[in-house]
Protein chains: 2
Amino acid sequence: MSNNQFRRGELYSVINGMASTAVARRLQKNFRNAGLEITIEQWSVLYHLWKQDCQSQQELCNRTFRDKPSITRLIDNLEKQKLVKRVASKEDRRINMVCLTDAARALQDVTIDLANQTMSEALTGVNKDEIETVKSVFQRVYDNLT
Amino acid sequence: MSNNQFRRGELYSVINGMASTAVARRLQKNFRNAGLEITIEQWSVLYHLWKQDCQSQQELCNRTFRDKPSITRLIDNLEKQKLVKRVASKEDRRINMVCLTDAARALQDVTIDLANQTMSEALTGVNKDEIETVKSVFQRVYDNLT
DNA sequence: TGAAATTAGTTGCATAACTAACTATATGTC
DNA sequence: GACATATAGTTAGTTATGCAACTAATTTCA
């Protein structure tokens, strides 16, 4: 095995463990400290609904990079907390449109502020070019594998 | 909220969802296609034991960026599959040294090859400088938050 | 030396992930 | 129109994660 290849295995560990876990934990902690009961996974669904309300579960799967059972259960839990409602589509009765409640709309500004603060903290000492490189690399990695 | 801040929230979604999920799924699929029954999380523990055998659970926590209960259960499952053994330390009876079995040693080459192939596939079109930038950014993000 | 604090690991509980198998609705084709 | 196929979503079973609370062993220090 070449040294270069071994570094790639190592890179896998780095990408999948270190930074994303640390950011996720910090954001979750910041939500909790602010008295917010939502998980970051639930937040990531709400994030896409704030950008565009009333999406089908399949659209949320595509946008959050999750599979269908994961979205089913995230929506189950969000519905229990009265943050979203499933509304049967009239055009296609297979489809549930997932729509925000007023309670969820009230969370938008405060939670996005917390996410921005968390990311600012995480990205201290990282410049814009480096951020653009990370985004671009991740986009290519995703495209290479899907 | 400034436009720049909003992009940071977006970056969070990108980092935590897109690339790492895609790589993890592909690697898991490649393991399964090769008839290997281990999960990528179990593999990541084995990876550190291949680098250095017989580490305490706490050392594995630090190296894999997982908390203690996660490691306890990963080791439980690896022990069920007879890939590791817990060996009580003689110097400090609180400590379990986690050691590889022959069965686990036999998995090293084939699984690391699969990981390298998967990463090569994922990183097609990404040059060395960009990889170094990603690693460096992730290291700083981790340091900023811990 | 003996009580307090620290460290290593486990257990319980909740949420989330993936796979496979399932139901129900819609579409396409003969 | 009817049967095959595809699509949207759910359910079941296993693994993994995070947090809090716990036990047991070790260290600190008064």
Side-chain angles (χ1 to χ4, degrees), chain A residues 16-18 20-33 36-45 54-62 64-81 83-84 86-98, chain B residues 16-18 20-33 36-46 54-62 64-81 83-84 86-98 145:
Chain A
N16 264 286
M18 196 169 70
S20 52
T21 305
V23 176
R25 279 187 200 155
R26 177 61 58 94
L27 182 52
Q28 183 71 70
K29 189 173 145 192
N30 288 349
F31 282 171
R32 205 171 43 248
N33 288 345
L36 300 169
E37 293 294 314
I38 58 173
T39 66
I40 49 170
E41 292 84 1
Q42 293 168 2
W43 177 80
S44 78
V45 171
C54 292
Q55 301 185 41
S56 71
Q57 296 190 195
Q58 184 58 55
E59 286 170 322
L60 291 171
C61 290
N62 300 338
T64 63
F65 308 105
R66 289 183 165 82
D67 65 1
K68 290 195 293 177
S70 295
I71 286 295
T72 291
R73 268 142 188 162
L74 280 173
I75 303 301
D76 287 347
N77 285 332
L78 284 167
E79 220 172 17
K80 266 188 227 157
Q81 297 178 257
L83 294 172
V84 302
R86 284 179 168 96
V87 180
S89 163
K90 283 166 186 167
E91 292 85 47
D92 185 336
R93 291 165 54 206
R94 292 171 302 182
I95 294 179
N96 291 335
M97 300 305 285
V98 179
Chain B
N16 264 284
M18 195 167 70
S20 52
T21 305
V23 175
R25 281 186 197 154
R26 177 63 58 94
L27 182 53
Q28 183 71 70
K29 189 174 146 191
N30 288 349
F31 281 172
R32 205 171 43 249
N33 288 345
L36 299 169
E37 293 296 313
I38 58 173
T39 66
I40 49 169
E41 292 83 1
Q42 293 169 359
W43 178 79
S44 79
V45 172
L46 295 178
C54 293
Q55 301 185 41
S56 72
Q57 296 189 195
Q58 184 59 56
E59 286 170 322
L60 291 171
C61 291
N62 300 338
T64 63
F65 307 104
R66 289 183 165 81
D67 65 359
K68 290 194 294 177
S70 294
I71 287 295
T72 292
R73 273 141 186 162
L74 281 172
I75 303 299
D76 287 347
N77 285 331
L78 284 167
E79 221 172 18
K80 267 189 226 155
Q81 298 178 256
L83 293 173
V84 302
R86 283 178 168 98
V87 180
S89 164
K90 283 167 188 169
E91 292 84 48
D92 185 336
R93 290 164 54 206
R94 293 170 303 181
I95 295 179
N96 292 332
M97 300 305 284
V98 180
L145 296 181

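Computed from a prediction, not measured in an experiment: that's the story for all the values here. Within every chain, numbering begins at 1; the chains are lettered A, B, ... in the order of the sequence lines, protein sequences first and strands thereafter. What's counted below: heavy atoms across the whole structure, side chains too, no hydrogens, waters or symmetry copies.
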ask   = Between the main-chain N or O of Met97(A) and the side-chain N or O of Glu59(A), is there a donor-acceptor pair closer than 3.5 Å?
value =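 Not confirmed, Glu59(A) side chain does not pair with Met97(A) backbone.
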request  = Would you kindly compare Asp76(B) and Glu41(A) by the position of their nearest DNA chain C nucleotide and give the one closer to the 5′ end?
outcome  =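 Its nearest nucleotide being more 5', the pick is Asp76(B).
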message = Using heavy-atom distances to pick each residue's nearest nucleotide on DNA chain C, tell me which of Ser56(B) and Lys90(A) is more 5'.
response =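 The residue mapped nearer the 5' terminus is Ser56(B).
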Listed once per pair and sorted, the salt bridge (charged side-chain N to carboxylate O under 4.0 Å, His left out) pairs that draw on residues 69-81 of chain B, sequence neighbours left out =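 Passing the test, one end in residues 69-81 of chain B: Asp76(B)-Arg86(B), Glu79(B)-Arg86(B).
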State, with a plain yes or no, whether a side-chain heavy atom of [X] is found less than 4.5 Å away from one of [Y].
X: Asn96(A); Y: Val87(A); value: no
X: Gln58(A); Y: Lys68(A); value: yes
X: Arg25(A); Y: Thr21(A); value: yes
X: Arg66(A); Y: Cys61(A); value: no
X: Ile71(A); Y: Val98(A); value: no

task = Give a yes/no answer on whether the side chain of Thr72(B) brings an N or O atom under 4.0 Å of OP1 or OP2 in dG9(C).
result =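 Looking at the OP1 and OP2 atoms of dG9(C), neither is under 4.0 Å from any side-chain N or O of Thr72(B).
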ask   = Are any of Gln57(A)'s side-chain N or O atoms less than 4.0 Å away from OP1 or OP2 of dG9(D)?
value =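 For dG9(D), neither OP1 nor OP2 has a side-chain N or O of Gln57(A) closer than 4.0 Å.
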What's the [atom1]-[atom2] distance between [X] and [N], to the nearest Å?
X: Ile40(B); N: dT14(D); atom1: CD1; atom2: C1'; result: 15 Å
X: Leu74(A); N: dC18(C); atom1: CG; atom2: P; result: 10 Å
X: Arg93(B); N: dT7(C); atom1: CZ; atom2: C1'; result: 15 Å
X: Leu27(B); N: dC18(C); atom1: CG; atom2: C1'; result: 14 Å
X: Leu36(B); N: dT15(D); atom1: CG; atom2: P; result: 16 Å
X: Asn96(A); N: dT11(D); atom1: CG; atom2: P; result: 11 Å
X: Phe31(B); N: dA16(D); atom1: CZ; atom2: C1'; result: 16 Å
X: Arg66(A); N: dG9(D); atom1: CZ; atom2: C1'; result: 17 Å

inquiry  = Heavy-atom nearest nucleotide on DNA chain D for Asp92(B) versus Gln42(B): which residue maps closer to 5'?
reply    =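 Upstream on the strand: Gln42(B).
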request  = Scan side-chain atoms only and decide if Gln81(B) and Asn77(B) contain a donor-acceptor pair under the 3.5 Å cut-off.
outcome  =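 No donor-acceptor contact under 3.5 Å links the two side chains.
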query = Using a distance-only test with no angle check, is there a side-chain donor-acceptor pair under 3.5 angstrom linking Asp67(A) and Ser70(A)?
reply =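 The answer is yes; a qualifying pair exists.
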Counting the atoms with a prime plus P, OP1 and OP2 as sugar-phosphate, which does [X] contact under 4.0 Å by heavy atoms, base, sugar-phosphate, or nothing?
X: Thr39(A); answer: sugar-phosphate
X: Asn77(B); answer: sugar-phosphate
X: Ile71(B); answer: nothing

What protein N or O atoms touch nucleotides 3-7 of chain D N or O atoms at under 3.5 angstrom, if any, and at what distances?
unit_1	atom_1	unit_2	atom_2	d
dT7(D)	O2	Arg94(A)	NH1	2.9

request  = Mind checking the NZ-CG spacing from Lys29(A) to Leu145(B)? Nearest 0.5 Å is all I need.
outcome  =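 Answer for the NZ-CG pair, Lys29(A) versus Leu145(B), is 9.5 Å.
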Using a cut-off of under 3.5 Å, enumerate the N/O to N/O pairs linking the protein to nucleotides 19-22 of chain D.
none

task = Can you figure out which of dA8(C), dA8(D), dT25(C) approaches the side chain of Gln58(B) most closely?
result =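 Closest nucleotide to the Gln58(B) side chain: dA8(C).
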